[in-house]
Amino acid sequence: MTRKYFGTDGIRGRVGDAPITPDFVMRLGYAAGRVLTGLDSHLAKDAHPTVLIGKDTRISGYMLESALQAGLSAAGVDVLLTGPMPTPAVAYLTRALRAQAGIVISASHNPFEDNGIKFFSAEGTKLPDEVELAIEAALDQPLEVMPSAGLGKAKRITDAAGRYIEFCKSTFPAALDLRGLRIVLDCANGATYHVAPPVFHELGAEIVTIGYQPDGLNINLDCGSTHPQALCRAVVEHKADLGVAFDGDGDRVVMVDSQGRLLDGDQLLYIIAMQRKQRGRLAGGVVGTLMTNLALEHALAKVDIPFLRAKVGDRYVLELLNEQDWQLGGENSGHILCLDKHSSGDGIIAALQVLHAMRTAGCSLDALGAGLTLYPQVLINVKVAGKVDLAAQPAIQQAVADAEQQLQGRGRVLLRPSGTEPKIRVMVEGEDGALVQRLAEQIAAVVQAQLA
């Protein structure tokens, strides 16, 4: 079945436009409450199921939080409210507080005008497709409010930030610390603004923080992992050892070395994988996605580390990791999963794993980052009118075939619809940067002509 509302990362869109409206989100809360809590068979007969809700710093979060709470309460579900918290913190707290599900109100790296709803299971993992389909089916059912005595209650969790800070610190070896390091943190004016600085400070680092004053409108605005230029400048200006940038909801991370050079998710994944390989602690191989740079695949092959590609989206990386019984995977955007540390991708924990590699190797991020040189990769987003079948577009298929012939096996071409926006993502990579740029522009022009 085709999903009507759910994309690769929950439900997302412009606030005020369907489906991100108060009435829909209230019905979504009701439907999710009925489906998610119905999956749990361990509750006592008269016990109320519990769902935990967190959000990022968008101003619309207040409105959507209230709507979700109303729908869940109508379904007889108790609600735990954390306030602004990173997405991976909600995954952790859902498990720690034994809730039946967790919900995050966030549009991740999108601008403040957008928002979305993400769900976590009781185990702190993204929902499988069949559960999302069940929620969509429940949305078509009438909203039947529980009798007053059966309505859910709401409670605010006042120590949520402290719990998550201690959890993050626990993933870093007790025998190591970050003393002597000056680190610039860019919190994207998002959900990590009040939790990331204490984590790194309490582990011993000297912290300089930017992007830590959210006002509801400035999340991801010229800052964070999608706009790392501010971090690059700040690292050089403050003569820092490195910089760390999160996205608005804290599940992505990119880093910057002391020279102001950016390291994306592929490079960070390589550093973590190599450190674990050298210490004999890499369980199996590494999972990337269709967007993972070909250089990473080639570099891992040289040291006999197996590598597999999943569909784009951290949920699909997780599924493939579980299928293989592996622990390490991620995306070049900065979603990195270390399943021996957390059930979900976590920007703070991934950064700590890179710092662990630095401390273990006794060298700088500059030196570790030099181990992998990425191939030039060009990504062009082409706006389209709606969902399209690329396989049914012969002109586009011919443009791709022509590009692949010119790359002569020394690169890749990938076209895919965005899971969150009405766009076709055109990606070309290879050893020759000028050729890659030209081919990407040619294919994007054909897509624009056929589908815009």
Exactly one of Ile207, Asp241, Leu203 clears side chain to side chain contact (heavy atoms under 4.5 Å, CB included) with Leu178, and that residue is Leu203
Name the one of Phe307, Trp326, Tyr270 that satisfies side chain to side chain contact (heavy atoms under 4.5 Å, CB included) with Val286? Phe307
Taking atom [atom1] of [X] and atom [atom2] of [Y], what is their separation to the nearest 0.5 Å?
X	Y	atom1	atom2	value
His335	Leu318	NE2	CG	12.0 Å
Glu319	Asp314	CD	CG	10.0 Å
Leu352	Ser170	CG	OG	9.5 Å
Leu374	Asp264	CG	CG	5.0 Å
Ile53	Met85	CD1	CE	14.5 Å
Asn189	Ile219	CG	CD1	8.0 Å

Quick one about [Y] and [X] (side-chain donor to acceptor, distance below 3.5 Å, no hydrogens or angles considered), yes or no?
X	Y	result
Asp56	Tyr193	no
Ser418	Arg425	yes
Ser258	Asp366	yes
Gln437	Glu441	yes
Asn220	His227	no
Tyr375	His298	yes
Arg281	Gln275	no
Asp249	Ser108	yes
Arg182	His238	no
Gln377	Asn332	yes
Glu123	Ser121	yes

Considering all heavy atoms of both residues, which atom of [X] and which atom of [Y] are nearest to each other, and what is their separation?
X	Y	answer
Ala134	Val35	O-CG2, 3.7 Å
Pro88	Gly345	CB-O, 3.4 Å
Val436	Gly430	CG2-N, 3.3 Å
Cys232	Val256	SG-CG2, 3.8 Å
Ala31	Ala138	CB-CB, 3.7 Å
Ala361	Leu368	CB-CD2, 4.3 Å

Does [Y] offer a backbone N or O that forms a donor-acceptor pair with the side chain of [X] under 3.5 Å?
X	Y	answer
Arg252	Ile336	no
Ser364	Ala367	yes
Glu429	Leu294	yes
Asp257	Gly260	yes
Arg416	Leu414	no
Ser343	Gly124	yes
Ser73	Gly152	yes
Glu136	Tyr5	yes
Asp78	Lys153	yes
Thr360	His356	yes

Determine whether more than 12 heavy atoms belonging to other residues, nucleotides or ligands lie under 6.0 Å from atom CG of Asp325. no
Using the salt bridge (Lys or Arg N to Asp or Glu O under 4.0 Å) rule, take Glu297 and Arg309 through it: C-alpha gap first, then chi angles, then the decisive distance, then the call. CA-CA 9 Å; Glu297 182 176 353; Arg309 293 181 185 268; 2.8 Å; yes
Paired with His342, the ring pair (Phe, Tyr, Trp, His ring centres under 6.0 Å) test is passed by just one of Phe120, Phe167, Tyr164, namely Phe167
Given side chains that start at C-beta, do those of [X] and [Y] come closer than 4.5 Å, heavy atoms only?
X	Y	answer
Leu93	Ile157	no
Leu28	Ile11	yes
Ile271	Leu263	yes
Ile135	Glu132	no
Pro214	His194	no
Leu328	Leu269	yes
Leu68	Met26	no
Leu231	Val184	yes

Could Lys55 and Tyr62 be counted as a cation-pi pair, given that NZ or CZ must be under 6.0 Å from the ring centre and within 45° of the axis? yes
Please walk me through it: do Val15 and Glu113 pass side-chain contact (heavy atoms from CB on, under 4.5 Å)? CA-CA 6 Å; Val15 175; Glu113 296 94 343; over 6 Å; no
I'd like to know if Lys169 and Glu202 make a salt bridge, using a cut-off of under 4.0 Å between side-chain N and carboxylate O. yes
Between Phe246 and Phe200, how do the two ring planes meet: parallel, tilted or perpendicular, split at 30° and 60°? tilted
Decide yes or no on side-chain contact (heavy atoms from CB on, under 4.5 Å) for Val312 and Glu331, but give the supporting numbers first. CA-CA 8 Å; Val312 174; Glu331 303 183 274; 3.5 Å; yes
For Asp114, the side-chain hydrogen bond (donor to acceptor under 3.5 Å, both in side chains) test, sequence neighbours excluded, returns Arg14, Asn110
Just do the salt bridge (Lys or Arg N to Asp or Glu O under 4.0 Å) check on Arg315 and Asp129 with the steps written out, would you? CA-CA 10 Å; Arg315 59 182 292 155; Asp129 291 348; 2.5 Å; yes
Go through the steps to decide whether Asp9 and Lys118 satisfy the test salt bridge (Lys or Arg N to Asp or Glu O under 4.0 Å), and finish with yes or no. CA-CA 7 Å; Asp9 197 17; Lys118 307 179 188 182; 3.2 Å; yes
Does the pair Asn115 and Ile105 meet the rule for a side-chain contact (heavy atoms from CB on, under 4.5 Å), with working shown? CA-CA 7 Å; Asn115 217 329; Ile105 303 167; 3.6 Å; yes
